[in-house]
Amino acid sequence: MSSIGEKQATRLKSVLVGDKTQDNKRVCELLKSELVNVLEEYLCLQGDQIVKLEMNEDGEFVVSMNAKASRIKNFGVISSSF
């Protein structure tokens, strides 16, 4: 009987995981857009940026991003003489 229970648990997990990752591509595009906007405030980005959203064995999401920049942007300096 435990093998039937194990099969049901495995099936339930795959259904739940499938629901979580159904819009993976859309979520990646949204994350990429937001992250690129933030990075462009500080860096001169080059080429395409890659964002990956994966689920590990524990059902946790792992986000990774690759971005290349040619330089860090200059920032204003706050004067220390107030």
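Cluster membership check: V38 shares its hydrophobic cluster with V51, using side-chain heavy-atom separations under 4.5 Å among Ile, Leu, Val, Met, Phe, Trp and Tyr. Taking hydrophobic clusters as Ile, Leu, Val, Met, Phe, Trp and Tyr residues chained together by side-chain heavy-atom distances below 4.5 Å, V27 does not share a cluster with I50. Under the 4.5 Å side-chain contact rule for hydrophobic residues, L45 and L30 do not share a cluster.
Applying the side-chain hydrogen bond (donor to acceptor under 3.5 Å, both in side chains) test to every pair with at least one member in residues 26-52, sequence neighbours left out, gives no pairs at all.
Shown here are the side-chain hydrogen bond (donor to acceptor under 3.5 Å, both in side chains) partners of N56, two or more places apart in sequence or in another chain: E60.
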Enumerate donor-acceptor pairs with a distance under 3.5 Å from any side-chain N or O in residues 64-72 to protein atoms, sequence neighbours excluded.
from	atom 1	to	atom 2	distance (Å)
S70	OG	C44	O	3.4

